Colleague: 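Here it is, the structure, as structure tokens.
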Amino acid sequence: MVSFTFVVCAEPYKYEAMDTLLNLGEAIIKKGHKILGIFLYGSGVYNIKKRIIKSTSDRNLSDLLENFCKVYNIELLACSTWIGFTGIKKEEFIEGAYREGLGGLSDLIARSDKVIFFGPGG
Amino acid sequence: MVSFTFVVCAEPYKYEAMDTLLNLGEAIIKKGHKILGIFLYGSGVYNIKKRIIKSTSDRNLSDLLENFCKVYNIELLACSTWIGFTGIKKEEFIEGAYREGLGGLSDLIARSDKVIFFGPGG
Amino acid sequence: MVESVVIMCEESPFGKNSVIESIRMAAGILAVGDVEDVKVIILKDAVYFFDKNLNPEALNVDKFTNVMRLIELSELEILIHDEALKIAGLEVNDLSLKENLKIVNIQEISQLILDADMSFKY
Amino acid sequence: MVESVVIMCEESPFGKNSVIESIRMAAGILAVGDVEDVKVIILKDAVYFFDKNLNPEALNVDKFTNVMRLIELSELEILIHDEALKIAGLEVNDLSLKENLKIVNIQEISQLILDADMSFKY
Amino acid sequence: MQEKKKIVYLYGFSHTNDAKFDILFEIIQEHSQLNIDMIIIFLHDGVIGTSKRTLTTEKLRNLLNLPISVYALIPDIKARGMDPKTLNDKVKGIGYDQLVDVLVESEKIVSWM
Amino acid sequence: MQEKKKIVYLYGFSHTNDAKFDILFEIIQEHSQLNIDMIIIFLHDGVIGTSKRTLTTEKLRNLLNLPISVYALIPDIKARGMDPKTLNDKVKGIGYDQLVDVLVESEKIVSWM
């Protein structure tokens, strides 16, 4: 069993990162491996925000991410500096997610066999 | 006297758009011209959010923008679809700014002599 | 007074959402207000958006039905650079929404920009 | 277990903030936790960040003093691609923070990536 | 005999639209002087240009001539309307499952997305 | 005699890092077949490569050989540590004030930022 960590620096919807993460993540778990955590950094922290608007024509990435982390027991952390920077409030977070310093990322990286990094895009 | 409108599709801090807008905007007004409005679209709507975190080392773009629009009586509009999408609440807007449909942009464009478009970057 | 607008986009349908956003913006500007002429020029990788085999569901992303319908309803003129088609190895028959699309060469694109009151790359 | 990380960045200091964010992330990972080796490789336009004449104030943007101090304090290793220097027409004497920087060629960059447990382009 | 080091690159930018590919190519060219098992996986916009139907850029042709295994992610190919059957002969289409296997088996991952 | 149409391009991407310049060049080359007064203003990362000290890319050299006025925004040059005195002979440095004049005098603006 191999353990993975994902780092995401790209906004949802604007880039494909979160979609790939969810699809690849499912495949990783189906194959018997583990995802320790997902760390959101830079504009990637916008992924932590619960999406309230329901649309029939658009996937709800925040619901999908919340559910994915809950079902497979994956830590979902967002860089606290960037959370402060973007002004996203704790009560707006998707369930189970929390803010954490870069020490949290360092810890996740050191505990993982593999780290996959989704850059800021463009 | 020539009238300008700016459209901004890029996030503050991540791209240079808002900095150029403020510097160029001051020069436009100093030269005796007018800025009718600023329309925020796409990730550009993040510019409407009041920045609460005060930092001694970073310019506060939301304060600068708010002040710029107030002093020179410039309409500051953000695309309502995108405001809904990003979940920014009215009470988080900088003073004087409001949400508006693309009809508002159409109207601004038609009333302006010149339109300058700051793209989504990257 | 700006009455005619040309919007150019060159990014693939997924990496960023620039095709969708260009079209939403174009249709929105046309729908309300006094701007009567908005054209969208599709360059480079953006051409994949109109491949009739486009299949967002392969990524668990919803189909772009709404945007496609928007193009039909708004009677938006969409102009595709012939070079982009050639590079992508696509023929006119490979495209969706044929009746809303027109193939143009670089000379025609040059002229479209010269004829519009303003142009921008999204 | 991932113990060594290489971060690459190639974007100019202003267009995006990738140099600053790469450095913040690198220093943050190093500061706390078990990752003991983080290197930042500066490619292409990113080299302008270390031009000693860098002058954010020309854009009314605050100086990057904090990030520069962070580099000094964290003893972060920053490696600059010799080609990037050459293309920018810069000499070693034109660089700030000389004691934290090292010039490397593409062969050394190749080796740094091979030696690290993981690498990513920010 | 020492086993070969195995390194995998995840590359996600368009070859036709983006100059980011230049440095990646140079690095992989350097790697190819050494005894390394290299894999590059094109995903996201990286899959653009990997079809036989498209005009291949010179950069991509040069990369395909290096001693490297080249894969492209089928869901990203399909999403863009491309047919995995038309993939360039030197590029192998893989799904998420095979992607996991490649990542698990490789010693080092370089993310370039 | 009809007055020349005046069109100004605002271009904000790096020549060295970005392939976006290709299409811009093709369009401007087409314009140059017609009787048009063309100005291109490099700002943001567009200023990169306009200094004599830097290695000029072939693309930029080709553009500078077209019948077009080329300006670069001095604050963006200075911000990146470049010295406006070292600008390529065919590129004129301008400040925000002159930028306003150019925008006001031109009939059409194309934003490519």
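Within every chain, numbering begins at 1; the chains are lettered A, B, ... in the order of the sequence lines, protein sequences first and strands thereafter. Since the structure is predicted, the reported quantities are computational estimates derived from the model, not experimental observations.
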Colleague: Measure the spacing between NZ of K14(B) and OG of S18(D) and express it to the nearest 0.5 Å.
Modeller: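 K14(B) atom NZ to S18(D) atom OG measures 10.0 Å (nearest 0.5 Å).
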
Colleague: I'd like to know whether NZ of K102(D) has more than 12 heavy-atom contacts from other residues, nucleotides or ligands below 6.0 angstrom.
Modeller: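 12 or below, so no.
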
Colleague: Decide if atom CD of E75(D) counts as having more than 12 heavy atoms of other residues, nucleotides or ligands within a radius under 6.0 Å.
Modeller: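 No, because the 6.0 Å sphere around CD of E75(D) holds 12 heavy atoms or fewer from other groups.
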
Colleague: Please check if the side chain of D19(B) supplies one atom and the backbone of L59(D) the other of a donor-acceptor pair under 3.5 Å.
Modeller: no

Colleague: Other residues, nucleotides and ligands only: do more than 12 of their heavy atoms fall within 6.0 Å of CG on D34(D)?
Modeller: no

Colleague: Under a plain distance cut-off of 3.5 Å, with no hydrogens placed, do N23(B) and N60(D) share a side-chain donor-acceptor pair?
Modeller: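 The criterion, which ignores hydrogens and geometry beyond distance, is satisfied for N23(B) and N60(D).
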
Colleague: For atom CD of Q107(D), decide whether the heavy atoms of other residues, nucleotides or ligands shown that lie under 6.0 angstrom number more than 12.
Modeller: no

